[in-house]
**Q** 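Below are the structure tokens for one structure; questions will follow.
Computation of the quantities below employed the complete heavy-atom set of this structure, encompassing side-chain atoms and omitting hydrogens, waters and symmetry-equivalent molecules. When a residue number appears, it is its place in the shown sequence, counting from 1.
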Amino acid sequence: MHTARIPLSLYVHIPWCVRKCPYCDFNSHEMRSPLPEVHYVDALIADLEKHARAVSKREIISIFIGGGTPSLFSAGSIARLLDAISCETTLAPQAEITIEANPGTLDQQNFAGFRSAGVNRISIGVQSFDDIQLHALGRVHDACTAKEAVLAAREAGFENINIDLMFALPNQTLVQARQDVEQAIALEPAHISYYQLTLEPNTRFYRHPPRLPGNELAWEIQQQGVHLLAQHGWQQYEVSAHAQDCSRCLHNLNYWQFGDYLGIGAGAHQKISFDDFGVVRSAKPRNPQQYMELALNTDYPAVSEQPLQPEELAFEYLLNALRLKSGFTRQQFEQHTGIAFASHAPKLRKLCHENLLVMQDDRVYCSETGYRFLDDLLQRLLPEQPTVTERVL
């Protein structure tokens, strides 16, 4: 596919938070001193400037400011960042611009300022409405504060609100999980991210695992939540994403549909396609101080570029596209990877015979069984020489 026709997004990483959650494996750091807010925004802008020429003819369709808790930054800093992005790149007139926020921090007073700065979507990390579970998860808020944060976002002018909600929490029952979903529904957000708590390496929960529901109960909890959300108008369109009409997350859809994205900030990843060079993945330094020093160094290159090999491309496309309920078409596979679908058809057909995939007309997607065991399915699709791939934000 010609790069001019590949959608382009921008991810901005702000790595600080009030407290590191015991399940979190993202590049986040507890605030132990005043944030270097001005200096970090300077670094983000300098980082972006190094990429601007390479994407000058391409339109950015979405921006996602994630973390950490990026809403700890002032509205003025977010406005300065967005103004710089508008100056350095071509931003689509109706671009989706998201910021992540957490209840229980002082950032709710900034919500109106974020909206005035141009942010038009807010993602609030509620995780649960059960105070006991919130304490077990190391969250700094309670259920009442979570509800207040959603209402504060709406009062600030946000119509496109996402709630993050976790399930299969320590000792969680079906009844408790249902109550969480019911309370999320009552707040009427446009989008609900409903995802399972997993024990990731390099986290406190991995080293000291809590007692979690078994696989069968976790599946019952998930199916209960998915069906309840659907009954009330939130349709599942990806493994963990449920949206009201016209409220699908454009930024994450671009990841799953194998679009391109710039990444600025400590530890940010990016994927950029070049007509004469192929598809390039790269990442920024994870340490915030090192990142700021290098980003502000005019002699330091924006990225170290190494194009992906065909087998890597094919696997990474499947890794993303099979998360979607709609899957992908043969034509989309070939357009995004430059690889003949026939070269991977035997492996995919084998998974169809095992009732993990469905190939119907020109489309390939997961069966219900495949969706349940998606991680295992993807392991079967790994190239012979596995490559390291990043998580989806």
Side-chain angles (χ1 to χ4, degrees), residues 13-32 66-72 99-108 122-153 161-187 189 191-215 217-222 224-226 228-229 239-242 391-393:
H13 193 72
I14 297 177
W16 292 280
C17 54
V18 173
R19 181 193 298 167
K20 181 80 171 180
C21 295
Y23 57 84
C24 178
D25 68 336
F26 292 163
N27 185 36
S28 59
H29 305 264
E30 288 189 12
M31 292 192 317
R32 301 189 185 278
T69 305
S71 54
L72 291 174
I99 192 167
E100 288 185 326
N102 282 325
T105 60
L106 297 177
D107 54 6
Q108 287 173 216
I122 190 164
S123 181
I124 301 176
V126 170
Q127 314 310 356
S128 176
F129 294 97
D130 183 319
D131 287 342
I132 293 175
Q133 289 291 1
L134 289 170
H135 179 73
L137 293 172
R139 306 297 288 174
V140 298
H141 67 274
D142 58 19
C144 182
T145 308
K147 295 172 185 177
E148 289 173 352
V150 177
L151 297 177
I161 299 172
N162 172 66
I163 287 178
D164 279 347
L165 196 66
M166 301 177 76
F167 68 88
L169 304 179
N171 299 305
Q172 190 176 46
T173 66
L174 267 170
V175 172
Q176 292 170 335
R178 183 182 181 89
Q179 290 172 343
D180 263 354
V181 176
E182 288 173 339
Q183 292 188 74
I185 288 171
L187 290 169
H191 192 283
I192 296 175
S193 296
Y194 189 54
Y195 59 101
Q196 183 173 349
L197 171 62
T198 55
L199 304 183
E200 303 289 350
N202 302 316
T203 66
R204 184 148 47 93
F205 269 5
Y206 189 82
R207 295 189 295 272
H208 308 285
R211 182 174 181 145
L212 302 181
N215 291 336
L217 178 55
W219 177 247
E220 287 184 59
I221 289 173
Q222 180 180 13
Q224 171 186 255
V226 169
L228 188 59
L229 288 167
V239 171
S240 59
H242 305 256
R391 284 182 57 176
V392 172
L393 298 164

**Q** Does Phe167 reach the side chain of Gln224, with side-chain heavy atoms less than 4.5 Å apart?
**A**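 The answer is no; the side chains never approach within 4.5 Å.
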**Q** Do any N or O atoms from the side chain of Gln222 and from the backbone of Ala218 form a donor-acceptor pair under 3.5 angstrom?
**A**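 No; judged by distance alone, with no hydrogens or angles, the pair does not exist.
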**Q** How long is the gap from CG on Leu187 to CG on Leu151, to the nearest 0.5 Å?
**A**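 Between Leu187 CG and Leu151 CG, I get 6.0 Å after rounding to 0.5 Å.
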**Q** Is there a donor-acceptor pair under 3.5 Å between the side chain of Glu100 and the backbone N or O of Gly67?
**A**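 It does hold such a pair.
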**Q** Kindly indicate whether the side chain of Phe205, heavy atoms from C-beta on, has any atom under 4.5 Å from the side chain of Leu199.
**A**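 They are in contact (side-chain heavy atoms under 4.5 Å apart), so the answer is yes.
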**Q** Side chains of Asp25 and Asn202: closer than 4.5 Å at any heavy-atom pair?
**A**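 When only atoms from C-beta onward are counted, Asn202 and Asp25 do not touch, as no gap falls below 4.5 Å.
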**Q** To the nearest 0.5 Å, what is the distance between NE2 on His191 and CD1 on Ile122?
**A**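 Answer rounded to 0.5 Å: 14.5 Å.
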**Q** Is there a donor-acceptor pair under 3.5 Å between the side chain of His13 and the backbone N or O of Asn27?
**A**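 Present.
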**Q** Any non-hydrogen side-chain atom of Ser193 less than 4.5 Å from a side-chain atom of Ile163?
**A**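 Not in contact.
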**Q** Has the side chain of Glu200 got a donor or acceptor atom that lies under 3.5 Å from a matching backbone atom of Tyr206?
**A**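 No, because the side chain of Glu200 does not come within donor-acceptor range (under 3.5 Å) of the backbone of Tyr206.
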**Q** Does atom CD1 (Ile132) have a neighbourhood of more than 12 heavy atoms from anything else shown, all under 6.0 Å?
**A**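 No, the 6.0 Å shell around CD1 holds no more than 12 heavy atoms from other groups.
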**Q** Is the shortest side-chain heavy-atom distance between Tyr194 and Ile221 below 4.5 Å?
**A**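 Tyr194 reaches Ile221 side chain to side chain.
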**Q** How long is the gap from CD on Glu30 to SG on Cys17, to the nearest 0.5 Å?
**A**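 Here the rounded value is 6.0 Å.
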**Q** Return the CD to OG distance between Gln172 and Ser128, rounded to the nearest 0.5 Å.
**A**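 Answer for the CD-OG pair, Gln172 versus Ser128, is 6.5 Å.
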**Q** I need the minimum non-hydrogen distance between Pro213 and Leu169, along with the two atoms involved.
**A**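 So the minimum-distance heavy-atom pair works out to CD-O, 3.1 Å.
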**Q** Would you mind reporting whether His242 and Val226 have side-chain heavy atoms less than 4.5 Å apart?
**A**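 With C-beta onward as the side chain, the pair touches.
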**Q** With the side chain counted from C-beta on, respond yes when Val181 and Leu165 share a heavy-atom pair under 4.5 Å apart, and no when they do not.
**A**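 Contact flag for Val181/Leu165 side chains = yes.
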**Q** Would you compute the distance between atom CZ of Arg211 and atom CG of Asn171 and round it to the nearest 0.5 angstrom?
**A**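 Separation between the atoms: 6.5 Å.
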**Q** For side-chain contact (heavy atoms from CB on, under 4.5 Å), just list the numbers for Asp130 and Gln179, CA-CA rounded to whole Å, side-chain angles, deciding distance to a tenth of an Å, and then say yes or no.
**A** CA-CA 9 Å; Asp130 183 319; Gln179 290 172 343; 5.9 Å; no
**Q** Any idea which heavy atoms bring Pro170 and Gln133 closest together, and the distance?
**A**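 That closest heavy-atom pairing would be O-NE2, 2.8 Å.
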**Q** Taking side-chain hydrogen bond (donor to acceptor under 3.5 Å, both in side chains) as the test, write out the residues that go with Tyr195, two or more places apart.
**A**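 Only Gln127 meet the side-chain hydrogen bond (donor to acceptor under 3.5 Å, both in side chains) criterion with Tyr195.
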**Q** Supply the atom-to-atom distance Asn102 CG to Arg19 CZ, rounded to the nearest 0.5 angstrom.
**A**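 The CZ atom of Arg19 is 11.5 Å from CG of Asn102, to the nearest 0.5 Å.
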**Q** I need the minimum non-hydrogen distance between Gly138 and Cys21, along with the two atoms involved.
**A**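 Heavy atoms only, the tightest pair is O-SG, 4.3 Å.
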**Q** Check whether any side-chain heavy atom of Ile124 lies under 4.5 Å from a side-chain heavy atom of Pro103, and answer yes or no.
**A**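 Answer yes - side chains close enough.
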**Q** Where do Asp164 and Gly125 come nearest, in terms of heavy atoms and distance?
**A**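 Where Asp164 meets Gly125 most closely, the heavy atoms are CB-CA, 4.0 Å.
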**Q** Strictly distance-based, threshold 3.5 Å: is any side-chain N or O of Asp131 a donor or acceptor partner for the main-chain N or O of Asp142?
**A**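 No; zero donor-acceptor contacts below 3.5 Å.
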**Q** Taking salt bridge (charged side-chain N to carboxylate O under 4.0 Å, His left out) as the cut-off, I'd like each qualifying pair that reaches into residues 175-187, sequence neighbours left out, listed once.
**A**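 Qualifying pairs, neighbours excluded: Arg178-Glu182.
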